[in-house]
Amino acid sequence: MSTPAEQQPGATSPDPVLADLRASVADMRATARWITAAAAGVGALVLAGGPLVIVKDLDDVGDLASAVGGILLAVAGAVWAVWRTSEVLTPRTATFDDLGSPELDGLRELIDRSPADFYGPRATGPDALRREHRLRLTVAFHLEALLARESDAARAAVLTHEAAVARRNAQLIQRLQQRLLAWIHAWQVRQSLRRARRDTLLASLLVLTGAVLYGTAPLDAKEKPAVVYVCGTGAEAPANAVRTQEDPCAR
């Protein structure tokens, strides 16, 4: 027999908790798409045309090495940001075994504060939830088998009611399982997004450093070559020759 709480109506109605969790995952993935587009756009803006503008000013090997190193650093930063953020968009399958992974420590702490909200009034964990679901289905199958052989109308009515209750309870437990899997999936996406935000910030610093490096490559100070003038001791210049102040040999 089931408790009144388990026989609540509307067991097959849409689950608002599942809808909220799926909407949260969709929002987080939309945020990841925005971050990916922004990182790619910044990388393209920084690198587009930059090398072509400064290439004419690269006049030694040091300038060239600095510019190439800056470009590679900026490209690496943009690729890193896009790659890490794209992990949020990667399809993934959540299982009950994932609940034991270190990245879900926060979710386990949340469950421990109110286990009944996640496992129901009887189960104490995912394994117990699975056993409870199998038990309810077994009871329903057994009652339906008895009902098929029952000829007494009164007993058939009782068996019909109990079989329906067992089916409904199995559906409620299945809904708890779906909710738990949705929580696991949403938490995984959340953790991936948090890592993506952190790594995107670091990648942006790499892009900025690389842009500054190749942008300032031709601006390094260079010593002007020293000019040595050798004044000859030969014949003097003609009298009508014009001597200017810029002539270092002028007397």
Side-chain angles (χ1 to χ4, degrees), residues 1-32 87-194:
M1 298 294 292
S2 57
T3 62
E6 292 174 325
Q7 299 181 37
Q8 56 188 352
T12 59
S13 61
D15 189 350
V17 176
L18 279 177
D20 288 344
L21 289 172
R22 289 166 181 166
S24 298
V25 170
D27 290 342
M28 287 187 287
R29 284 181 166 167
T31 301
E87 288 186 352
V88 183
L89 307 176
T90 303
R92 64 181 70 213
T93 301
T95 65
F96 291 131
D97 293 336
D98 295 331
L99 192 58
S101 62
E103 71 172 359
L104 267 66
D105 288 344
L107 178 58
R108 288 196 301 273
E109 293 175 0
L110 180 63
I111 292 174
D112 290 341
R113 290 203 294 267
S114 183
D117 292 338
F118 295 87
Y119 301 135
R122 298 183 178 180
T124 57
D127 292 336
L129 203 59
R130 281 193 290 255
R131 288 194 299 268
E132 187 73 13
H133 184 248
R134 286 195 298 267
L135 175 62
R136 299 296 181 179
L137 287 178
T138 301
V139 171
F141 289 145
H142 180 66
L143 291 174
E144 289 167 354
L146 293 176
L147 178 61
R149 298 191 298 268
E150 186 58 54
S151 58
D152 183 76
R155 289 178 58 84
V158 173
L159 290 174
T160 300
H161 172 73
E162 293 301 325
V165 170
R167 282 287 180 183
R168 186 159 57 247
N169 289 337
Q171 291 172 354
L172 290 172
I173 296 173
Q174 185 178 19
R175 173 169 291 188
L176 289 175
Q177 290 178 312
Q178 292 173 345
R179 285 182 179 181
L180 183 58
L181 289 173
W183 269 108
I184 293 172
H185 180 252
W187 209 273
Q188 289 173 334
V189 174
R190 173 180 178 268
Q191 294 301 99
S192 296
L193 183 59
R194 293 182 65 182

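Counting from 1, the numbers follow the sequence of the chain as shown. These figures come from a predicted structure and were not determined experimentally.
- In this structure E144 satisfies the side-chain hydrogen bond (donor to acceptor under 3.5 Å, both in side chains) test together with R167, sequence neighbours excluded.
- Between the NE2 atom of H133 and the CZ atom of R130 there is a distance of 12.0 Å, given to the nearest 0.5 Å.
- Residue I184 holds its CD1 atom at 6.5 Å from OG1 of T95, rounded to the nearest 0.5 Å.
- Rounded to the nearest 0.5 Å, atoms CG (L21) and CH2 (W187) are 10.5 Å apart.
- Of all non-hydrogen atoms in A156 and L147, the two that sit nearest each other are O-CD1, 3.4 Å.
- For R155, the CZ atom is loosely surrounded, since the number of other residues' heavy atoms within 6.0 Å does not exceed 12.
- Counting only heavy atoms from C-beta outward, the side chains of F96 and Q177 approach each other to under 4.5 Å.
- Annotation: the span from N169 atom CG to E162 atom CD amounts to 9.5 Å, rounded to 0.5 Å.
- Nearest approach of Y119 to P126, heavy atoms of both residues: OH-CD, 3.7 Å.
- The closest side-chain heavy-atom distance from I111 to L99 is below 4.5 Å.
- For the residue pair I173 and L129, the shortest heavy atom distance occurs at CG2-O, 3.6 Å.
- For Q178 against L18, the heavy-atom pair with the smallest separation is O-CD2, 3.5 Å.
- Atoms CZ and CG, on R179 and L181 in that order, are 13.0 Å from each other to the nearest 0.5 Å.
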Hey, can you pull the donor-acceptor pairs under 3.5 Å for the side chains in residues 24-31, sequence neighbours left out?
unit_1: S24; atom_1: OG; unit_2: D20; atom_2: O; d: 2.9
unit_1: R29; atom_1: NE; unit_2: V88; atom_2: O; d: 3.2
unit_1: T31; atom_1: OG1; unit_2: D27; atom_2: O; d: 3.0

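- A salt bridge does not link E109 with R113: none of the charged nitrogens is closer than 4.0 Å to a carboxylate oxygen.
- A distance of 9.5 Å separates CD of Q171 from CG of L137, quoted to the nearest 0.5 Å.
- Taking each heavy atom of S192 and R92 in turn, the nearest pair found is OG-NH2, 3.1 Å.
- Listed here is the closest heavy atom pair of P14 and P16: O-CD, 3.3 Å.
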